[in-house]
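For the numbers below, each heavy atom of this structure counts, side chains included, while hydrogens, waters and symmetry mates do not. Just so we're clear, the structure is a prediction, and the values are computed from it rather than from any experiment.
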Amino acid sequence: MDTHAAGSSSGGSGDGGAAPRRNSRKPKYSKFTQQELPACKPILTPKWVISVFVLVGVIFVPIGVASLRASRQVVEIVDRYDDACVPTNVTDKLAYIRDKTIPKACTRNLTITKEMKQPIFVYYQLDNFYQNHRRYVKSRNDEQLRDKGKATKTDNCDPEATIDGKPIVPCGLIAWSLFNDTYDLARNNENLPVDKKDISWKSDREHKFGSDVFPTNFQKGPLQGGKILNSTMPQLSEQEDLIVWMRTAALPTFRKLYGRIYVDLKVNDTITVHLENNYNTYSFGGKKKLVLSTTTWLGGKNDFLGLAYLTVGGLCFFLAFAFTLLYLIKPRKLGDNNYLSWNRPPVGR
């Protein structure tokens, strides 16, 4: 009897209590969850698409013309000298460049074919030199370059990390392979000064290379890679050739700024270049070139940007013309916009 009563009492409390809560994964209604927030939902009608293509063409073509014209206004003289500066009786170029007893002096004459307004930028260009190689790019230690107290930090600098157990400053393959050809210019037999100040990025000089860090044990190994830096030279923050070189290039053909000429060069001026052909590009089939170039508001000579704008703008005009013909010759009736999902009233909540 007691058991039955207890059972009845238990059952009664289950039936007579509140209704069980319904488990549901359905979220609460909101405009965000139902994607009903205000939004731009353009309808791509033929007229709208044609208008957009025409607008893009109208914007891109003038920009392309202006960019291409600015590029064509750049006056540039490029002289390849790596082969020309090897004596005619030399058959083994690699042995020639490695033999320090053979003079490497060379003279090149350049003729100005078009007036060049100052400042004139002097570059050296290397072809087939992969500064973007993973091992090469990593072969440096930025802490060592910034701080005198971290001269012993040579992580990632192998194989140019230490010499006879002493750290090399600056260490790594990038610094070791520093470009060491030199150029002295003269115009009509008069010296033409090349200003080598401020050729590097200001941020590099002030933040990446320390004013109290000096070269130590540099190029002391059995194989010399490039320019020699010794402890009597200025601190690294003033070694602008080194700073420019250590900002590695992304492509195998690149130019590095050597200096600037602050003199106008006239047509038919003869520029005599006395250079030292020291840098070894013969071991990997590279090329060396000396470049004199002016600049415009767009920078140096670069036809790619202008051609790219003209190509895109011309393509847009062509597509606009093609779609216009198609729309006029074979028009298609548009559907009723009222049937679009965002034009219909929302479903019951």
With a 4.5 Å limit on heavy-atom distance, are the side chains of Val273 and Leu110 in contact?
yes

Does any part of the side chain of Thr154, heavy atoms only, come nearer than 4.5 Å to the side chain of Asn141, both counted from C-beta?
no

When rounded to the nearest 0.5 Å, the distance separating CD1 of Ile243 from CG of Leu145 is 9.5 Å

How about Ser200 and Arg247: do any of their side-chain heavy atoms sit closer than 4.5 Å?
no

Is it the case that one hydrophobic cluster holds both Val52 and Tyr327, taking links as side-chain heavy atoms less than 4.5 Å apart, direct or via other members?
no

side-chain contact (heavy atoms from CB on, under 4.5 Å) partner of Thr294, the single match among Met116, Glu115, Glu76, Gln73:
Met116

Could you identify which residues cluster with Val291, counting Ile, Leu, Val, Met, Phe, Trp and Tyr as linked when any side-chain heavy atoms lie under 4.5 Å apart, either directly or through a chain of such contacts?
Val78, Phe121, Tyr123, Ile199, Val244, Leu257

Looking only at heavy atoms, the pair that brings Cys85 and Leu275 closest together is SG-CD1, 3.8 Å

Determine whether Val75 and Leu265 satisfy the following criterion, side-chain contact (heavy atoms from CB on, under 4.5 Å), listing intermediate values before the conclusion.
CA-CA 11 Å; Val75 182; Leu265 299 181; over 6 Å; no

Going by the side chain to side chain donor-acceptor pair (under 3.5 Å) test, name the single residue among Asp82, Asp79, Asn277 that passes it with Lys288.
Asn277

Polar contact flag, side-chain donor to acceptor under 3.5 angstrom, Ser211-Gln235
no

Ignoring hydrogens and angles, state whether a donor on the side chain of Asp303 or Ser71 is under 3.5 Å from an acceptor on the partner side chain.
yes

What residues join Val90 in its hydrophobic cluster, counting side-chain heavy atom gaps under 4.5 Å, either direct or through other members?
Val86, Leu94, Tyr96, Ile97, Ile102, Tyr282

Give the intermediate values and the outcome of side-chain contact (heavy atoms from CB on, under 4.5 Å) for residues Asn132 and Leu251.
CA-CA 7 Å; Asn132 61 347; Leu251 299 174; 5.9 Å; no

Among Asn230, Leu236, Ile168, which residue satisfies the side-chain contact (heavy atoms from CB on, under 4.5 Å) criterion with Pro215?
Leu236

Fellow cluster residues of Val267, listed by chain then number, with links counted only when side-chain atoms sit under 4.5 Å apart
none

Thr107: what forms a side-chain hydrogen bond (donor to acceptor under 3.5 Å, both in side chains) with it, not counting sequence neighbours?
His274

Could you tell me which residues satisfy ring pair (Phe, Tyr, Trp, His ring centres under 6.0 Å) with Phe284, sequence neighbours excluded, listed by chain and number?
Phe129

Within the side chain of Asp195, is there an N or O that forms a donor-acceptor pair under 3.5 Å with the backbone of Lys197?
yes

Should we count CG of Asn189 as having more than 12 external heavy atoms under 6.0 Å?
no

Identify whether Leu307 and Leu305 are in the same connected component of the hydrophobic contact network (ILVMFWY, side-chain heavy atoms under 4.5 Å).
yes

Assigning hydrophobic clusters by single linkage (Ile, Leu, Val, Met, Phe, Trp, Tyr; side-chain heavy-atom cutoff under 4.5 Å), is Leu223 placed with Leu229?
yes

Drop me the distance from Leu192's CG to Ile120's CD1, to the nearest 0.5 angstrom.
7.5 Å

Under a 3.5 Å distance rule, please check whether Asn278 uses its side chain to pair with a backbone N or O of Asp181 as donor and acceptor.
no

If we ignore angles and hydrogens, is there a donor and acceptor under 3.5 Å between the side chains of Gln125 and Asp127?
yes

Evaluate the side-chain proximity of Leu310 to Val61: yes if any heavy-atom separation is below 4.5 Å, no if none is.
yes

Which atoms form the tightest heavy-atom contact between Thr162 and Pro167, and what is the distance?
CG2-CA, 4.0 Å

Measuring from Lys266:NZ to Asn188:CG, what's the distance to the nearest 0.5 Å?
12.5 Å

Closest non-hydrogen contact found for Gln239 with Met233 is NE2-CB, 3.3 Å

Decide if atom NZ of Lys138 counts as having more than 12 heavy atoms of other residues, nucleotides or ligands within a radius under 6.0 Å.
no

Crowding at CZ, Arg69 (>12 non-hydrogen neighbours, <6.0 Å)
no

Going by heavy atoms in the side chains, are Asp147 and Val213 under 4.5 Å from each other?
no

With Ile50 as partner, the option from Thr324, Leu326, Leu55 fulfilling side-chain contact (heavy atoms from CB on, under 4.5 Å) is Thr324

Verify, without hydrogens or angle tests, whether Arg260 (side chain) and Asp198 (backbone) share a donor-acceptor contact under 3.5 angstrom.
yes

Decide side-chain contact (heavy atoms from CB on, under 4.5 Å) for Ser177 and Tyr136; before the verdict, give the C-alpha distance in whole Å, the side-chain angles of both, and the deciding distance to 0.1 Å.
CA-CA 10 Å; Ser177 61; Tyr136 184 89; 2.6 Å; yes

Applying side-chain contact (heavy atoms from CB on, under 4.5 Å) to Gln118 and Val263, what does each step give before you reach the verdict?
CA-CA 5 Å; Gln118 63 171 305; Val263 176; 5.8 Å; no

Residues in ring pair (Phe, Tyr, Trp, His ring centres under 6.0 Å) contact with Tyr258, at least two apart in sequence or another chain:
Tyr183

Please check if the number of heavy atoms outside Glu206 that lie under 6.0 Å from its CD is greater than 12.
yes

Does NZ belonging to Lys256 count more than 12 external heavy atoms closer than 6.0 Å?
yes

First locate atom SG of Cys106, then atom OH of Tyr81, and finally report the distance between them rounded to the nearest 0.5 Å.
9.0 Å

Same hydrophobic cluster for Val122 and Val74, using side-chain heavy-atom links shorter than 4.5 Å among ILVMFWY?
no

Verify the cluster assignment for Val54 and Phe321: are they in a single hydrophobic cluster under the rule of side-chain heavy atoms below 4.5 Å apart?
no

With sequence neighbours excluded, what pairs up with Glu143 under the side-chain hydrogen bond (donor to acceptor under 3.5 Å, both in side chains) test?
Lys150

Are there more than 12 heavy atoms of other residues, nucleotides or ligands under 6.0 Å from atom CG of Asn109?
yes

Using the disulfide (SG to SG under 2.5 Å) rule, collect all pairs that involve residues 147-194, keeping only residues at least two apart or in two chains.
Cys157-Cys171

What pairs of residues pass the ring-ring contact (aromatic ring centres under 6.0 Å, His included) test when at least one of them lies in residues 36-59, not counting sequence neighbours?
Phe53-Phe323

Is any side-chain heavy atom of Ile271 closer than 4.5 Å to one of Ile112?
yes

Under the criterion salt bridge (charged side-chain N to carboxylate O under 4.0 Å, His left out), I'd like the reasoning laid out for Lys93 against Asp83: C-alpha separation, chi angles, the key distance, then a yes or no.
CA-CA 9 Å; Lys93 296 179 181 179; Asp83 283 339; 2.7 Å; yes

Set of ring pair (Phe, Tyr, Trp, His ring centres under 6.0 Å) partners for Phe179, sequence neighbours left out:
Tyr124, Tyr279

Please list, chain by chain and in numerical order, all residues satisfying side-chain contact (heavy atoms from CB on, under 4.5 Å) with Gln224, sequence neighbours excluded.
Lys100, Asn180, Gln219, Ile228

Is Gln144 reaching over with its side chain to a backbone N or O of Ala151, donor-acceptor style, under 3.5 angstrom?
yes

Sort and list the pairs that fulfil ring-ring contact (aromatic ring centres under 6.0 Å, His included) and have at least one residue in residues 191-223, not counting sequence neighbours.
none

